[in-house]
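These numbers come from the heavy atoms of this one structure, side chains and all, not from hydrogens, waters or symmetry mates. Just so it is clear, the structure is predicted and the values come from calculations on it, not from any experiment.
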Amino acid sequence: MSRNNKPSKNILIIGAAVIDVIVRVSQLPKSGEDIYGEHIETMVGGCAYNVQQVIRNFSLENTLFVPVGSGPYADIIRSHFKKLNIPLMVDDASQDNGWNISFVEPDGERTFLSVPGLETNWKDAWFEGVALHDYDYIYVSGYELEGPSGVVLLKQLQAKKAPHAVVVFDPGPRVSYINQTVLDAILHLRTILHCNLNELMALVPAASLEESARKLHQITNEAVVVTLGSEGCFFLDGYQSGVIPAHPVTAVDTIGAGDAHTGAFISGIAQGLSVKEACQLGNDIAAKVVQQTGGDLTSII
């Protein structure tokens, strides 16, 4: 049961679980330079996994739909899923899962170097065990829409998603690498855009944030949510728009903050909150995340 005593909706989270190696640095290295860093933690991450951890905190009905492969990184993920009682939806021994190094600078900003794995090679066969039409909200990460994987995911969503179901699309920092045909099609699936300002402008260049969001809303006919870091987030839902300020906090690092905001936002709308109220909930949870090291979202509420 939800926060406002209305039945919550069923949520599918499509994407990746990978290994995050978190390293604190005084500054990013320049080409040819050798600098020291402090290894903070090696942990299970990935946008979909992070989003699902927040949704789990709200005790909402959800399914984490990520592939787990064969190899040292997949073994860590499989063991972690078993510990958290997360069902393994796709077990594919053809490849190991990917990993990344997250460089965290003194101001909390993070920079990723990613080595992709199984999670970027989606297959039609993986969808045989998932009833897409049963879900009310479907989260999709832009990382999984690059290349042939994007064609597979789009085809499955177009064929099997329930007409009433809403897609929550997080384009991610590599949005410019997504095939334009796939990108155009994903925006026409009853799609709420949840992104940061750079990602918004990459999708729909315009003179201002609001102009870009309005152009995007004309395409999707659904809400547009844009996170603004320490300033909070902007929303436009067709009825109203505005910036919801963030709580002033001291950021330790920003790893997982965007995913936390997305997970909290989805949790809010799935429980019947308005877009504005769900954005406020996203701000509240993201503020907690940036005050900790490593982006562990298993018990953030």
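Donor-acceptor pairing under 3.5 Å is lacking for the side chains of Gln53 and Asn50. Between the side chains of Trp126 and Asp92, a donor-acceptor pair is found at a separation under 3.5 Å. With no hydrogens or angles considered, no side-chain donor-acceptor pair links Lys123 and Ser149 at under 3.5 Å. Looking at Ser70 and Gln95, their side chains never bring a donor and an acceptor atom within 3.5 Å of each other. Side chains of Gln180 and Asp184: a donor-acceptor N/O pair is present below 3.5 angstrom, by distance only.
Put simply, Ile11 and Phe58 are part of the same group of oily side chains (I, L, V, M, F, W, Y) that touch within less than 4.5 Å, one to the next. Residues Val275 and Val167 do not share a hydrophobic cluster, clusters being chains of Ile/Leu/Val/Met/Phe/Trp/Tyr side chains in contact below 4.5 Å. Residue Val51 is grouped with residue Ile192 when hydrophobic side chains (ILVMFWY) are merged at heavy-atom distances under 4.5 angstrom, including chains of intermediate members. Under the 4.5 Å side-chain contact rule for hydrophobic residues, Val175 and Val151 share a cluster. There is no path of hydrophobic side-chain contacts, each under 4.5 Å, that joins Met89 to Tyr49.
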Steps toward ring-ring contact (aromatic ring centres under 6.0 Å, His included) verdict (Phe265, His194): CA-CA 9 Å; Phe265 172 81; His194 189 290; 5.7 Å; yes

Side chain to side chain donor-acceptor pair (under 3.5 Å) between Asp20 and Asn100: does it pass, once the steps are laid out? CA-CA 5 Å; Asp20 288 342; Asn100 69 75; 2.5 Å; yes

Under the criterion side-chain contact (heavy atoms from CB on, under 4.5 Å), I'd like the reasoning laid out for Trp99 against Val115: C-alpha separation, chi angles, the key distance, then a yes or no. CA-CA 5 Å; Trp99 62 283; Val115 180; 3.5 Å; yes

Take Leu154 and Gln158 through the test side-chain contact (heavy atoms from CB on, under 4.5 Å) and record every step on the way to the result. CA-CA 6 Å; Leu154 176 62; Gln158 289 176 321; 3.7 Å; yes

Check the pair Glu199 / Leu193 against side-chain contact (heavy atoms from CB on, under 4.5 Å), numbers first and verdict last. CA-CA 10 Å; Glu199 293 158 3; Leu193 248 293; over 6 Å; no

Using the side-chain contact (heavy atoms from CB on, under 4.5 Å) rule, take Asp170 and Asp259 through it: C-alpha gap first, then chi angles, then the decisive distance, then the call. CA-CA 9 Å; Asp170 172 11; Asp259 296 333; 4.0 Å; yes

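Between the side chain of Asp96 and the main chain of Tyr73, a donor-acceptor pair closer than 3.5 Å is present. Formation of a donor-acceptor pair under 3.5 Å by the Asn97 side chain with backbone atoms of Pro67 is found in this model. Of the possible polar contacts, one joining the Ser212 side chain to the Val204 backbone as a donor-acceptor pair under 3.5 Å is found. Using a distance-only test at 3.5 Å, with no hydrogens or angles considered, a donor-acceptor pair links the side chain of Gln271 to the main chain of Ser267. In this structure, the side chain of Arg78 engages the main chain of Gly69 through a donor-acceptor pair within 3.5 Å.
Shown here for His261 and Cys279, the closest heavy-atom pair between the two residues is NE2-O, 3.6 Å. For the residue pair Leu209 and Leu200, the shortest heavy atom distance occurs at CD1-CD2, 3.3 Å. Here the closest heavy-atom approach between residue Leu273 and residue Glu277 is recorded as CA-OE1, 3.5 Å. Nearest approach of Val249 to Ala287, heavy atoms of both residues: CG2-O, 4.0 Å. Summarising the geometry of Val54 relative to Gly263, their closest heavy-atom pair is CG1-C, 3.6 Å, with the distance given to 0.1 Å. Shown here for Leu203 and Leu183, the closest heavy-atom pair between the two residues is CD2-CD2, 3.6 Å.
With contacts defined as side-chain heavy-atom distances shorter than 4.5 Å, the pair Glu33/Gln27 qualifies. Side-chain contact between Phe234 and Glu210: present, with at least one pair of heavy atoms (C-beta onward) separated by less than 4.5 Å. In this structure, Phe81 and Ser79 have side chains that are not in contact, with every pair of non-hydrogen atoms separated by 4.5 Å or more. With a 4.5 Å cut-off on side-chain heavy atoms, Val104 and Glu109 do not count as touching. Using a 4.5 Å heavy-atom threshold, the side chains of Cys233 and Asn283 count as touching. Residues Leu132 and Val130 meet the side-chain proximity criterion, which asks for heavy atoms closer than 4.5 Å. Considering only heavy atoms from C-beta on, Val140 stays 4.5 Å or farther from Glu144 through its side chain. Proximity of Val21 to Glu41: side-chain heavy atoms (C-beta onward) are nowhere separated by under 4.5 Å.
With Tyr177 as the aromatic partner, Arg174 meets the cation-pi criteria of under 6.0 angstrom to the ring centre and within 45 degrees of the ring axis.
If you take OG1 on Thr42 and CD1 on Ile22, they are separated by 8.0 Å, rounding to the nearest 0.5 Å. The NZ atom of Lys276 lies 10.0 Å from the CG atom of Asp237; values are rounded to the nearest 0.5 Å. The line from CD1 of Ile186 to CG of Leu157 is 5.0 Å long, rounded to the nearest 0.5 Å. Summarising the geometry, atom CG belonging to Asn62 is positioned 10.0 Å from atom CD1 belonging to Ile266; distances are rounded to the nearest 0.5 Å. From Leu12, atom CG reaches atom OH of Tyr135 across 5.0 Å, with rounding to the nearest 0.5 Å. Rounded to the nearest 0.5 Å, atoms CD1 (Ile285) and NZ (Lys288) are 5.0 Å apart.
Between Phe127 and Trp122, the ring planes are tilted. Angles from 30° to 60° get that label.
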Validation: residues 217-224 side-chain donor-acceptor distances under 3.5 Å, sequence neighbours left out:
unit_1	atom_1	unit_2	atom_2	d
His217	ND1	Glu222	O	2.8
Thr220	OG1	Leu216	O	3.3
Thr220	OG1	Glu222	N	3.2
Thr220	OG1	Glu222	O	3.4
Glu222	OE2	Arg190	NE	3.2
Glu222	OE2	Arg190	NH2	3.4

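When the shell of 6.0 Å around NZ of Lys160 is examined, it contains more than 12 heavy atoms from other residues, nucleotides or ligands.
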